[in-house]
Number of protein chains: 2
Amino acid sequence: MVKYEAQLDAVFTALAHPARRAMLARLGRGDATVSELAEPLDMSMPAVTKHLKVLERARLISRGRNAQWRPCRLETTPLNEASGWIEEQRKVWEARLDRLETYLHSLDKQPRKKR
Amino acid sequence: MVKYEAQLDAVFTALAHPARRAMLARLGRGDATVSELAEPLDMSMPAVTKHLKVLERARLISRGRNAQWRPCRLETTPLNEASGWIEEQRKVWEARLDRLETYLHSLDKQPRKKR
DNA sequence: TTCGTATTTAACCATATGGTTAAATTAATC
DNA sequence: GATTAATTTAACCATATGGTTAAATACGAA
């Protein structure tokens, strides 16, 4: 079990911009060219290229080549790592809240005998 | 159903730094003061304060006051929103892959009659 | 080889991030 | 009121982000 810290940094960074989330959402429905990803985005093509680099660095997309098109494909593993981190945290805090609840119930049901 | 875009931006931004993830992981085990959060972090207190602001802006923590201490508490709702976004995407791409698989099976089982 | 289309790179700009040290603030205690 | 401890603010610096326009590149087609 390694430390994915830097990988998680890159993935959460990539998810932190609405344009990049929109691109990922689009790619979830199937591969797309850069122009197709750019079409709904109201920004220049160079800006789109930059966002794609952020997604690539996070390994959230891979790219092919087809003539002058560079199709993008969603890679789901990093998203699993990201939600995995959150789910791990959820386990921690839910376990803590369970212990707290158990403790509070024990106070209810075992009325103090002394004092 | 509103658009949480800006909120999601803030949450994923907050999750994109290892020090902030460490703080959240610590808070998952229970409330903590700023000094307690800072202790394992190898950075100055002002740096810690800045990270706390990022977490607050994302509503990932709330803060109290107890004399000169400013205890921090984990707020889990934004984490649910973040993992919720990822899970929604998962539904989309899994549905697509299911359709693809169904289609491929249909090709197997219905050998082309003509052509 | 030239033309047209898709995409990227270069150069630039403004703002945000992430860190520092020094000073200010807040609140308990002596 | 002065002292001490916890925390924040101010001022500064370097680098990253997110955008632009203009130029370069890559490739198919004419």
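Chain A is the first sequence line, chain B the second, and so forth, proteins listed ahead of strands; every chain is numbered from 1.
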Just N and O in the side chain of [X]: are any of them under 4.0 Å from OP1 or OP2 of [N]?
X	N	value
A:His17	D:dG19	yes
A:His51	D:dT17	no
A:Arg65	D:dC27	yes
A:Ser44	D:dT20	yes
A:Lys50	C:dT9	no
A:Arg57	D:dA16	no
A:Arg63	C:dT8	yes

For [X] and [N], give me the distance from atom [atom1] to atom [atom2], rounded to whole Å.
X	N	atom1	atom2	value
B:Trp69	D:dA5	CH2	P	11 Å
B:Met43	C:dG18	CE	P	9 Å
A:Met45	D:dA26	CE	P	17 Å
B:Leu52	C:dG18	CG	C1'	14 Å
B:Glu39	D:dA6	CD	P	13 Å

Which atoms form the tightest heavy-atom contact between A:Ala14 and A:Ala58, and what is the distance?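 Minimum heavy-atom contact is CB-CB, 4.0 Å.
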In terms of the nearest nucleotide of DNA chain D, which residue is placed more toward the 5' end: A:Pro46 or A:Val54?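 The residue mapped nearer the 5' terminus is A:Val54.
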Earlier contact from the 5' end, DNA chain D, for A:Asn66 and A:Arg20: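 Residue closer to the 5' terminus by nearest nucleotide: A:Arg20.
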Can you confirm whether more than 12 heavy atoms, excluding those of A:Arg59, are under 6.0 Å from its CZ atom?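 No, CZ of A:Arg59 has 12 or fewer neighbouring heavy atoms, counting only those of other groups under 6.0 Å.
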Identify whether the distance between the nearest side-chain nitrogen and carboxylate oxygen of A:Glu87 and A:Arg90 falls below 4.0 Å.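 A:Arg90 and A:Glu87: salt-bridged.
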Sugar-phosphate only, base, or nothing, as touched by A:Ala47 at under 4.0 Å among non-hydrogen atoms: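 Base, at least one base atom sits under 4.0 Å.
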On DNA chain C, nearest-nucleotide positions of B:Gln68 versus A:Thr49: which is more 5'?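 Counting from the 5' end, the first nearest nucleotide belongs to A:Thr49.
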Looking at B:Arg70 and B:Gly64, would you say the former's side chain and the latter's main chain have a donor-acceptor pair under 3.5 Å?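 Present.
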Nearest to the A:Ala67 side chain among D:dG19, D:dC27, C:dT20, which nucleotide is it?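 Side chain of A:Ala67 sits closest to D:dC27.
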Check whether the side chains of A:Arg57 and A:Thr13 place a donor and an acceptor atom closer than 3.5 Å, and report yes or no.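 No pair is found: no donor N or O on one side chain lies under 3.5 Å from an acceptor on the other.
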